[in-house]
Amino acid sequence: MTMAIDCMVMPMIQTSSDEKKSLIFDSSVLKNESNIPRQFIWPDHEKPSGGVAELDVPLIDLGAFLSGDPIAAKREPRLVDEACKKHGFFLVANHGVDTNLISLAHRYMDMFFELPLSDKQKIQRKRGDHCGYASSFTERFSSKLPWKETLSFPYSTLQGSSHMVDQYFLKTMGEDFSHIGKFYQEYCNAMSTLSCGIMELLGESLGVSKNHFKQFFEENESIMRLNCYPTCLKPDLALGTGPHCDPTSLTILHQDNVSGLQVFMDNQWRSISPNNSVFVINIGDTFMALSNGRYKSCLHRAVVNNKTPRKSLAFFLCPKKDKVVRPPAELVDSNNPRIYPDFTWPTLLEFTQKHYRADTNTLQFFSTWLQQRTTEI
Ligand SMILES: C=C1C[C@]23C[C@@]1(O)CC[C@H]2[C@]1(C)CCC[C@@](C)(C(=O)O)[C@H]1[C@@H]3C(=O)O
Ligand SMILES: O=C(O)CCC(=O)C(=O)O
Ligand SMILES: [Fe+2]
C-alpha cells in the first residue's frame, strides 16, 4: 500500500507548550469539575453518542479447544476466523487463569490509583517512553486528551527477566511496592501463558500450523497496562480513551464491572459489556500485518460516565524485539500479495511514541514512514 508522501498530513504528536505544561490531570480534582478543561472536549464527530447496541462477539471455550475436544476443535477456530475477519474481537472463557489472581489484580490496581498524585508522579512516564505513570498524556498531546490515568510496565519472558516486573516496581516505587510488583509478575506470567493458547487457536483459524504463531510469541517482550477512568461530570463531551487501533499484536483485556468499551463496526459504535468471567481479546496492528491483513485490527474506544469510575487491565502481547514481522508463506500468494513491509515491533513502537498518535491509520502511515526512512538511509 503506498501513499503520496508529500500530501500526507500525519496527525503528529504535538510538542509541549507552556499552556500544556500547566495542565495536570489530577483525577481527585477533575472528577468534581462540571466545567471540564477544553483540552478534554472531543470534536463533535468523535463525541460519545449515548446508548449503543451490543457488538456480537463470539464466546470461545479456549480450554475445550486446547484439550482437543473434537467439537471445539472445529467450532472455536471457525468462530474466531469469522470474528477476526470482521472486527478482530472475541471473548475467551475457560481461560485457565485463577480467578483470585484476576480479582487481586483489580484490588492492587485500585490501591495504586488511590495513591496521592505526588506518589504516582514519582514514576511519571518520560517523553518518548512507553512505561510509567501517565495522567491523560497532558505532556504529549495538546487536544483530545483522554480522561484517564494509566500505569504501563514492561514484561518479558526472556532469560533473566523472570523478575522484570517486580524489579520495575521496586526500582521505581521502592520497597513498599515490591509485593505489588511480585504479584503483577505472576499476573503477566499468566497472561503470557494465555497468549500462547490463543496463538495456537489463531494459527488453526488462519489455516497455518498450530505452532506457527505460538512459536513466534513463545518469547515475548510485552507491555502491561492498568487503565483508570475517573468519573466525569460531562461524560458526553469527553472520552476515556480515544478511537484507536492497538499497534501491538494481541490485547488481553479484563474489564471491571463498569461498561465503557466500544468497537467501531459497520459505521456504528457498539459496546462490549463487562463480564468478569471472560477476557476480551482483540487483534492489534502487528498481528494484522502478520496475517497479511486477513484479520482486522479495529477501531475501539472507552467512554466514561458520571457515576462510577471504570478500570481495566490490558496485557499487550508484543514479539521479541528482534523478530521480523512477516506473514507466513501460506498467507501470501498472487491473490493475496504482501500488504505491509517487514518491520520489527520496536520500530512501530517508536513510531507511536515519537511520531504518530495511534488511530485507525497507524499501519498505513507507518509503512510510508518506514519506506521514507529506508530511502533516506
Ligand atoms: C504501544 C502502545 C501505545 C498505547 C499503549 C500501547 O501499549 C498499546 C495501545 C496504545 C494506545 C492505548 C492507543 C491509543 C492512544 C494511546 C496514546 C493511549 O490513549 O494510551 C496509546 C498508548 C500509548 O501510550 O501511546
Ligand atoms: O479500557 C478499555 O476498555 C479499553 C482500553 C484500550 O483500548 C487500550 O488501553 O488500548
Ligand atoms: Fe486499545
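It should be emphasised that the depicted structure is a prediction, and the values quoted were computed from it without experimental measurement. First listed ligand is number 1; within each ligand, the first listed atom is number 1.
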Nearby protein N/O/S atoms (those under 2.8 Å) for the Fe ion (ligand 3), with water ignored: His244 NE2, Asp246 OD1, His300 NE2
Atom 7 (O) of ligand 1: the protein heavy-atom neighbour that sits closest, reported with distance to 0.1 Å: Phe316 CD1, 3.5 Å
Result of checking Tyr184, Phe315, Phe177 against Phe153 for ring pair (Phe, Tyr, Trp, His ring centres under 6.0 Å): Tyr184
Nearest non-hydrogen protein atom, atom 13 (C) of ligand 1: His244 CD2, 3.3 Å
Residue and atom name of the nearest protein heavy atom (relative to atom 23 (C) of ligand 1), distance in Å to one decimal: Arg140 NH1, 3.5 Å
Contact partition for Leu253 relative to ligand 2, non-hydrogen atoms under 4.0 Å: side chain
Ligand 1 N/O within reach of Trp345 N/O, cut-off under 3.5 Å: no
N/O donor-acceptor pair under 3.5 Å between Ser67 side chain and Gly63 backbone: yes
Residue part near ligand 2, for Thr150, under 4.0 Å between non-hydrogen atoms: neither
Closest to atom 3 (O) of ligand 2 (judged by heavy-atom distance), picking from Gln255, His300, Arg310: Arg310
Close side-chain approach of Ser259 and Ser273, heavy atoms under 4.5 Å: no
More than 12 heavy atoms of other groups within 6.0 Å of Arg78 CZ: yes
Element-labelled atoms of ligand 2 that are located less than 4.0 Å from some non-hydrogen atom of Phe316: 8 (C), 9 (O), 10 (O)
For Arg125, the ligand 1 atoms whose distance to one of its heavy atoms is below 4.0 Å: 23 (C), 24 (O), 25 (O)
Side chain, backbone, both or neither: the part of Leu349 lying under 4.0 Å from ligand 1 by heavy atom: side chain
Cation-pi, Phe65 ring and Lys210 (6.0 angstrom, 45 degrees): yes
N or O contact, Arg225 vs ligand 1, cut-off under 3.5 Å: yes
Heavy-atom nearest neighbour in the protein, as seen from atom 18 (C) of ligand 1, with distance rounded to 0.1 Å: Lys148 NZ, 3.4 Å
Where ligand 1 meets Pro247 - atom numbers and elements under 4.0 angstrom, heavy-atom basis: 8 (C), 9 (C), 10 (C)
For ligand 1, the portion of Lys144 having any non-hydrogen atom under 4.0 Å away: neither
4.5 Å side-chain heavy-atom contact, Tyr295 and Ser205: yes
Donor-acceptor contact below 3.5 Å, side chain Ser161 vs main chain Thr157: no
Exercise check, heavy-atom protein proximity under 4.0 Å to atom 21 (C) of ligand 1: no
Plane angle bin for Phe279 and His95 - parallel if under 30°, tilted between 30 and 60°, otherwise perpendicular: perpendicular
4.5 Å side-chain heavy-atom contact, Pro243 and Glu46: yes
Interfacing atoms of ligand 2 (cut-off 4.0 Å, heavy-atom, Ser312): 1 (O), 2 (C)
Minimum-distance protein heavy atom relative to atom 3 (C) of ligand 1: Gln353 NE2, 3.6 Å
Protein contact of atom 16 (C) of ligand 1 - nearest heavy atom, named by residue and atom, plus distance: Phe137 CE1, 4.5 Å
Ligand 2 contact by His244, heavy-atom criterion under 4.0 angstrom: yes
Which atom of Glu54 lies closest to which atom of Ser271, heavy atoms considered: OE2-OG, 3.1 Å
Residue, atom name and distance, where the atom is the protein heavy atom closest to atom 5 (C) of ligand 2: Tyr229 OH, 3.4 Å
Expected output: side-chain Lys47 to main-chain Trp42 donor-acceptor under 3.5 Å: yes
Any donor-acceptor pair under 3.5 Å from Ser297 side chain to Asp285 backbone: yes
Tyr356 and Phe365 aromatic ring geometry - parallel, tilted or perpendicular at 30°/60° bounds: tilted
Glu221 side chain reached by Pro154 side chain, heavy atoms, under 4.5 Å: no
Asn227 N/O under 3.5 Å from ligand 2 N/O: yes
Side-chain touch Met191/Tyr187, heavy atoms, less than 4.5 angstrom: yes
Sub-4.5 Å side-chain heavy-atom contact between Met265 and Leu55: yes
